[in-house]
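Here the structure is laid out as structure tokens; the discussion comes afterwards.
All chains are named by letter (A, B, ...) in the order of the sequence lines, taking the proteins before the strands, and each is independently numbered beginning at 1.
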Number of protein chains: 2
Amino acid sequence: MYSIVFIGMVRGMGAPAPNGDGDPRWSDLSARARIRDTALRHYAERGYAATTIRGIAAAAEVSPALVQHHFRTKDALRRACDAHVLEFIRRSTAQGVAGGGIADPGFVDAVHRQAPSLLKYLARAVGDGFPGADALFDEVAAHTERHLAAAVTEPPAPGVLRARAAVLTAMHLGVVAFGGHLSRALDVDTLSAEGLPVVGAALLDLLDPAVTGPGLDDLARQGLTTHRAAGDGAASGP
Amino acid sequence: MYSIVFIGMVRGMGAPAPNGDGDPRWSDLSARARIRDTALRHYAERGYAATTIRGIAAAAEVSPALVQHHFRTKDALRRACDAHVLEFIRRSTAQGVAGGGIADPGFVDAVHRQAPSLLKYLARAVGDGFPGADALFDEVAAHTERHLAAAVTEPPAPGVLRARAAVLTAMHLGVVAFGGHLSRALDVDTLSAEGLPVVGAALLDLLDPAVTGPGLDDLARQGLTTHRAAGDGAASGP
DNA sequence: CACTATACTGTACATACGTACAGTACCGGA
DNA sequence: TCCGGTACTGTACGTATGTACAGTATAGTG
């Protein structure tokens, strides 16, 4: 699941503006969608408590009362964001694993535009422990566990495998959650076209090849090289 | 630095109560220390914005005005927590690398008592980007980079090494930040005597042996086994 | 045209928060 | 004994926040 979004991000690189005011399509969005996206960004960047309805309204260029009109309360707005993220990830995964999804330009474009905020929101939500984060973390961990089971040659005890998957999930979320520091320390935007291969390569270097799986390892490295050369490609471990 | 704290935590296992009201020594602490420790815990668990002075005062069983008396403002209180954490980690590192520190029961006990909140606070602070978090992250990353440079046989380009160190740091912080989910998913307290070896072993399994370094790898695995058998030992990668 | 539902705004209110301030208890030194 | 400083508390105040509510405009429908 996570890898699909990541791959989608990499392959979608080169398209313009991320979510935000600079996007020409921004004003075309319905006010409701604009509020939701803005809330998503604010929650992801500042956390729930530090986010104010008035702040969201100002950033979305609507009145605070309109926020309340569309989403009754602040908490309901957060639940709407949760649902939006879950639905997005689920759809991305479905389309991605189906095979055709990644090739669809519209799909890739949508993923790459939203993914950074969504991933940050995901990490923040899981870290802050919002209701339902448990199930979400477990879902991602289960996905990772299936990947690990397929990649490793001699399967270890189930408990060991689950532990590895959970820890690997936490580590991946760490890369997302602390992506800001990564970007600053490496002096390159981690979520940009030139930054993602750097992080991807480091991930591949750090993780045991048996974890990423021989096939994926080669594929990813090749994709990274291609991407670095031509400005397009797929990357990242599980 | 990070590894030292981790090792200290493992070796300190078996001691009782974590930080909190149940500790008999709790009431013996000065009110100022009690306020600071409580604030540390609240900041770590809820984040800065969601933490209130009144909440801290209630948990520390003092009046809100006393909090203001000792630490002038909420922000100054946070800075005091920052300084406390930094000083603690710095001291832990110094004593840890010196060798004798870890053997000191009092030191180990203090690490164990404080480390869970301290590490969570660290991850939260870095994630929330408090002033100075940049330098802190870079410091930990630099420490990791030195470790990586020593562990790897054929040194890669400096940029690659720095990227690896930064990503590895983010991943380690992820394990800490999402430790709550790890504990729940693995059905064992990640910071307890039986949980730490599980996480440590998973880390060693996931990371490339060249990253952990051959010496440390063997040593850690041996320590984990010993710990699992006798209830004492050292663990964890860089 | 009349009517209704929906999108949207301005204002108002109760609450909770950080902070300031006056005042009390206690404790060590002159 | 007095007395100054420190620890500590109760109360009050300004502000920001979430939310409720009344009201306006606009589009769709009979």
If you take all heavy atoms of B:F178 and A:G174, which pair is closest and at what distance?
CE1-N, 3.6 Å

Taking the six-membered ring of A:Y48, is the NZ or CZ of A:R78 close enough (under 6.0 Å from the centre) and on axis enough (within 45°)?
yes

Is the backbone N or O of B:H42 less than 3.5 Å from a side-chain atom of B:T51, with the two atoms forming a donor-acceptor pair by type?
yes

Which residues in residues 44-56 of chain A have at least one heavy atom lying under 4.0 Å from any atom of DNA chain D?
A:T51, A:T52, A:I53, A:R54

To the nearest angstrom, how far is [X] atom [atom1] from [N] atom [atom2]?
{"X": "A:R32", "N": "C:dA7", "atom1": "CZ", "atom2": "P", "answer": "9 Å"}
{"X": "A:H69", "N": "D:dA25", "atom1": "NE2", "atom2": "C1'", "answer": "13 Å"}
{"X": "B:Q68", "N": "C:dT19", "atom1": "CD", "atom2": "C1'", "answer": "5 Å"}
{"X": "B:E61", "N": "D:dT9", "atom1": "CD", "atom2": "P", "answer": "11 Å"}
{"X": "A:F71", "N": "D:dT19", "atom1": "CZ", "atom2": "P", "answer": "14 Å"}
{"X": "A:R34", "N": "C:dC8", "atom1": "CZ", "atom2": "C1'", "answer": "12 Å"}
{"X": "B:R72", "N": "C:dG18", "atom1": "CZ", "atom2": "P", "answer": "16 Å"}

Walk me through whether A:R79 and A:D75 qualify under salt bridge (charged side-chain N to carboxylate O under 4.0 Å, His left out).
CA-CA 6 Å; A:R79 284 198 300 272; A:D75 193 66; 2.4 Å; yes

Look at the rings of A:H181 and B:F137 and say which category their plane angle falls in: under 30° parallel, 30 to 60° tilted, over 60° perpendicular.
parallel

Is A:H70 close enough to C:dT6 that one of its side-chain N or O atoms is under 4.0 Å from OP1 or OP2 there?
no

From D:dG10, D:dT19, D:dA7, nucleotide with atom closest to A:T73 side chain:
D:dT19

Is the NZ atom of B:K74 crowded by more than 12 outside heavy atoms at less than 6.0 Å?
yes

